[in-house]
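Since the model is a prediction, treat every value here as computed from it, not as a measurement.
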Amino acid sequence: MEEKRIALLGIIVEDMTMTEELNRILHEYSRHVVGRMGIPYHDRGIAIISIVLDAPQNVISSLSGKLGMVKGVRVKAVYQKAGKEKKE
């Protein structure tokens with residue numbers, strides 16, 4: 001089993017007609033989502049979304065890549081350093 005990591009995806013939605021596609025993709029990965037915050041920025045006609053994930057690196061990369069291919073959506077990922085998983 002691949003080691004899980006914490007990641008923060010920063011998403012800017014510039015084409016609001018694509019939110020249904022964006023939400024469909026996020027739903028596919030919902031079991032890895034720790035939290036989500038969306039901010040509609042009406043003055044600019046965009047939405048800003050942050051997603052916190054706890055998932056293997058390949059899952060985070062896959063989600064980030066799929067979101068980045070959606071028209072009018074920009075995404076960047078920030079990762080926790082490897083090896084920081086809590087030991088019980």
Side-chain angles (χ1 to χ4, degrees):
M1 184 171 141
E2 189 177 349
E3 180 180 1
K4 293 169 82 178
R5 296 180 69 185
I6 301 295
L8 171 65
L9 296 184
I11 303 166
I12 296 179
V13 182
E14 297 171 331
D15 184 346
M16 299 305 288
T17 66
M18 300 308 292
T19 56
E20 188 173 323
E21 175 67 8
L22 175 82
N23 284 319
R24 185 193 63 74
I25 294 168
L26 289 173
H27 182 73
E28 288 178 31
Y29 292 83
S30 62
R31 70 186 187 110
H32 302 288
V33 174
V34 175
R36 172 181 176 167
M37 178 179 65
I39 302 168
Y41 193 175
H42 300 292
D43 290 349
R44 297 277 184 137
I46 64 172
I48 302 128
I49 303 169
S50 60
I51 308 285
V52 178
L53 301 165
D54 187 358
Q57 173 74 43
N58 65 327
V59 171
I60 298 165
S61 296
S62 176
L63 173 57
S64 182
K66 285 182 181 182
L67 292 173
M69 292 185 342
V70 176
K71 176 183 162 265
V73 173
R74 298 184 45 90
V75 61
K76 294 290 181 181
V78 177
Y79 297 89
Q80 172 194 30
K81 290 183 180 180
K84 296 287 186 182
E85 198 168 325
K86 183 178 178 180
K87 308 282 189 231
E88 291 189 36

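We find the OG-NZ distance between S61 and K66 to be 12.5 Å, quoted to the nearest 0.5 Å. Atom NZ of K4 is separated from atom NE2 of H32 by 7.5 Å, given to the nearest 0.5 angstrom.
Judged as a side chain to side chain donor-acceptor pair (under 3.5 Å), not a single pair has a partner in residues 37-54 (not counting sequence neighbours).
Taking T19 as the reference, nothing meets the side chain to side chain donor-acceptor pair (under 3.5 Å) condition, with sequence neighbours excluded. Partners of T17 under the side chain to side chain donor-acceptor pair (under 3.5 Å) rule, at least two apart in sequence or in another chain, are D15. With sequence neighbours left out, the side-chain contact (heavy atoms from CB on, under 4.5 Å) criterion links R74 to E14. Judged as a side-chain contact (heavy atoms from CB on, under 4.5 Å), and not counting sequence neighbours, the contacts of N58 are E2, P56.
The two residues Q80 and R5 have their closest heavy-atom pair at O-NH2, 2.6 Å.
The pair E20-R24 fails the salt-bridge criterion, with no side-chain N (NZ, NE, NH1 or NH2) lying under 4.0 Å from an Asp/Glu carboxylate O.
Taking a 4.5 Å side-chain heavy-atom cut-off between Ile, Leu, Val, Met, Phe, Trp and Tyr, the cluster of L67 extends to L9, I11, V13, M16, M18, L22, I25, L26, Y29, V33, I49, I51, L53, V59, I60, L63, V70, V73, V75, Y79.
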